[in-house]
Protein chains: 2
Amino acid sequence: MRGSFQALRTIPFQTSIRPKSTKGRAKRPKMASQNVASADDFGEHVESTSVPGKQSTERFPRSSRPNAFTELMRHKPTAQEADKPTQKTVFAGRDGLAAYTIDPESFPPTRVVYHNERFVVINDLYPKASIHLLLLPRDPIKNVMRPQDAFDDAQFLEDCRQEEKKVRATVASELRRRFGKHSASDRPRIEAMESDDPPDELPPGRDWAQDVMSGIHANPSMSHLHIHVLSKDMVSEPMKKRNHYLSFTTDFLVGLEHFPLAKDDYRRRYTHFPEDMLCWRCGENFGNKMSKLKEHLAMEKEQWIRE
Amino acid sequence: MRGSFQALRTIPFQTSIRPKSTKGRAKRPKMASQNVASADDFGEHVESTSVPGKQSTERFPRSSRPNAFTELMRHKPTAQEADKPTQKTVFAGRDGLAAYTIDPESFPPTRVVYHNERFVVINDLYPKASIHLLLLPRDPIKNVMRPQDAFDDAQFLEDCRQEEKKVRATVASELRRRFGKHSASDRPRIEAMESDDPPDELPPGRDWAQDVMSGIHANPSMSHLHIHVLSKDMVSEPMKKRNHYLSFTTDFLVGLEHFPLAKDDYRRRYTHFPEDMLCWRCGENFGNKMSKLKEHLAMEKEQWIRE
DNA sequence: TATTCCGATAGTGAC
DNA sequence: GTCACTATCGGAATGAG
């Protein structure tokens, strides 16, 4: 299982016109940069919001506006490949996560990032950040408990923590893959990797793990237990509503390190969001002005990437 | 002036394929009923919302859905004739009524119903009922006063009352013209008029004057004094918002008989609408459900006409 | 705090 | 309550035989 996970983590950017995988630290062919530029250039806002699965194909969200060149270069997804809501997921309402835990194989690799006996990891159907994965425990008992109750079980909690570590590493790795070449602190590593004579030991580069958040929502709407693992930029097309933003930027998001919660911890019964929306990066108060906040977050994302 | 007004009142249904006017009680030719059926049939929802002016041409609001026959029969308005907002009116904001009082001749006859030295009567640009006229005093001093203050002047008030009587009669006459043939109580009169041997004295028919409302808004938004004169059905496409409805169905609408107001009358400083919306005809409470109310009002209009 | 659809609510800008 | 535009806010349904 760990071997499979490792392989996954190192799967580079994929399109149908690239080999399906390259090995761990292998030097990328220079021509790969063309593909990278066509789809990963955040300046063009065309990066995919999903982490590639084992046989994934690249896709673009509807909000993408590829220019003429990228339009020519990119692989047009077929209806089957398209990573859209399906009858099984969207129309199942609050039980929409059940199908993943029961039959992960029935979903396209763009949706299910990986799965093992105890967990399924998927790309959130409505990502609220550039990268947004869900870690779904498959245990059908724990599955339908409120997370605050399920995590009273020490063993289950520990299992989730272990798996969450892997998912966090996946997100960090994906951040580097997508944005590393725009990051000042990642540049030494990138340049070493792409040099004609790469060193045996790469420079560490940027610690993207610091830009990963995770935890459960104190009052989830979906009935199956899901652990959010996402980048902290909060920029995505489906990020539309006040509660979307606040659910990841307040203590409504409860990290696994807080569990088990005390019996009287208020996060066992969180009710609503009285708070203003504050930019996660600069702290500016946007009150309830979602449109203004979204513009601002897009700007902050660029700055954040360039760090 | 009175002669001109009388002529106006008796101008029958008009299209470009009919003579511009017929005299007072003159017997209508039978073929006129074809025109009446084509444009006045409320069952087809094709009546114009505007009262014809002296040289008016018939028009249809965008919401009209004429059937194939009426489509063939009717005169298609040109862009110039079209009774749409103009730069002069709409873009003048709160002063949009000024232009009518200053230069009524510059407007098409579909807009200005009539004018004399002291008053201009127009079709409301956004009618809130099947028929909705505005009586505009031209006096440039009184003009820009709040109506509650302007009507403290007894002579001005009396002048407005006299003119309002005429406008109310115009609206009543227009109601008969449009809806009389669908009205049970108006039928004896209609049948007498259309008979081969009409009596010298027509039966009185329905008293449409009872279906006319008028008055000023206690807190008008438009800066020029305007007296609303309208049918009580409250059915129109521009009737969209809660305040539209409540402004005509509560004591926010103040009839001229109430003036001059006592110095401390609350209607001198009306603030807001705390009220639910009640159907003017059956009293049903629609709370703040505007869509539901609109559906209901359309049904009530049909019943009301058939009375 | 699943989304989507519809509709009600609120602020602004027009000149 | 001038409208029109944008956006925010608020409830209800969401599947299927």
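The sequence lines fix the lettering, A, B, ..., with proteins before strands; numbering per chain opens at 1.
Between the OH atom of A/Tyr245 and the C1' atom of D/dA7 there is a distance of 19 Å, given to the nearest Å. Between the CZ atom of B/Phe273 and the C1' atom of C/dA8 there is a distance of 16 Å, rounded to whole Å. The interatomic distance linking B/Glu295 (CD) with C/dA8 (P) rounds to 11 Å, in whole Å. At whole-Å resolution of the value, NZ in B/Lys240 and P in C/dA8 are 13 Å apart. Computed from coordinates, the B/Lys294 NZ to C/dC6 P distance equals 17 Å when rounded to whole Å. Note: CG (A/Asp95) to C1' (D/dG15) measures 11 Å, nearest angstrom. Distance NZ (A/Lys241) to P (D/dC9): 9 Å, rounded to an integer number of Å. Taking atom CG on B/Leu125 and atom C1' on D/dC3, their separation rounds to 9 Å, with Å as the unit.
Of the P atoms belonging to C/dC5 and D/dG15, the separation is 12 Å, rounded to the nearest Å. For D/dC5 and C/dC15, the P atoms lie 14 Å apart once the distance is rounded to whole Å.
Judged by the 6.0 Å distance and 45° axis criteria, A/Lys292 is not positioned over the aromatic ring of A/Phe286.
Relative to the side chain of A/Asn288, the nucleotides C/dT3, C/dT9, D/dC9 differ in distance, and D/dC9 lies closest. With D/dT8, D/dC3, C/dA8 as the choices, the nucleotide that has an atom nearest any side-chain atom of A/Ser291 turns out to be D/dT8. In the set C/dA8, C/dT4, D/dC3, C/dA8 carries the atom at the smallest distance from any side-chain atom of B/Lys289. When each of D/dA4, D/dT8, C/dT3 is scored by its nearest atom to the side-chain atoms of B/Tyr126, the top-ranked nucleotide is D/dA4.
Side-chain contact check for B/Leu97 versus B/Leu136: some heavy-atom pair is nearer than 4.5 Å. Looking at A/Met277 and A/Leu246, their side chains come closer than 4.5 Å, going by heavy atoms from C-beta outward. Inter-residue side-chain proximity for A/Arg138 and A/Pro104 is flagged as met; some heavy-atom pair is nearer than 4.5 Å.
Both B/Arg242 and A/Phe248 lie near DNA chain C, and the one whose nearest nucleotide falls closer to the 5' end is A/Phe248.
If you check every strand for non-hydrogen atoms under 4.0 Å, B/Thr250 touches nothing. As judged by a 4.0 angstrom heavy-atom cut-off over every strand, B/His226 is placed among residues touching the sugar-phosphate backbone only. Counting non-hydrogen atoms under 4.0 angstrom, B/Lys128 reaches the backbone sugars and phosphates but no base.
The pairing partner recorded for D/dG11 is C/dC5, the criterion being a Watson-Crick or G-U wobble arrangement whose two distances lie under 3.5 angstrom.
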Working for side-chain hydrogen bond (donor to acceptor under 3.5 Å, both in side chains), residues A/Asp211 and A/Trp304: CA-CA 9 Å; A/Asp211 298 311; A/Trp304 161 69; 3.0 Å; yes

